[in-house]
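What you see below is based on every heavy atom in this structure, not just the backbone, and it leaves out hydrogens, waters and symmetry mates. Just follow the structure's listing: the first ligand is 1, and inside any ligand the first atom is 1.
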Amino acid sequence: TKVNSVSIRAEAINPDIRKTEDKVVDAVVVTELSKPLTAYCRCWRSGTFPLCDGGHVKHNKATGDNVGPLLLKKPKE
Ligand code: FES
């Protein structure tokens, strides 16, 4: 496939997380957040998916990628 003259090879982004599921979907009820900060993985390399375990650091170093987590923060009171 070519997009804007760049060749794109079809490749799975998720190497090994919950592969028996047709689609990996997680839901969070925001009012249940109790911690001031929760980090959700967006690199699909976390050992604690859907939470970030810092695995993106190793991935970024190995690949030159720049992925990082989604941070959910409680508002300051
Ligand atoms: Fe995936 Fe941190 S381990 S974003």
* List-wise, which protein N, O or S atoms are found short of 2.8 Å from atom 1 (Fe) of ligand 1? -> Cys41 SG, Cys43 SG
* To do: Check whether any side-chain heavy atom of Phe49 lies under 4.5 Å from a side-chain heavy atom of Val24, and answer yes or no.
  => yes
* **Validation row: Pro50, Arg18 side chains within 4.5 angstrom (heavy atoms)** =>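 Yes, side chains in contact.
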* Asked: Run the side chain to side chain contact (heavy atoms under 4.5 Å, CB included) check on Arg45 and Asp65 step by step: do they pass?
  -> CA-CA 12 Å; Arg45 304 300 190 279; Asp65 211 342; over 6 Å; no
* Is a side-chain N or O of Asn60 found less than 3.5 angstrom from the main chain of Val67, in a donor-acceptor match? -> yes
* Asked: Between the side chain of Ser46 and the main-chain N/O of Gly55, is any donor-acceptor distance below 3.5 Å?
  ->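 No; zero donor-acceptor contacts below 3.5 Å.
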* To do: Mark yes when over 12 heavy atoms from residues, nucleotides or ligands other than Leu71 sit less than 6.0 Å from its CG; otherwise mark no.
  =>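 Yes, because the 6.0 Å sphere around CG of Leu71 holds more than 12 heavy atoms from other groups.
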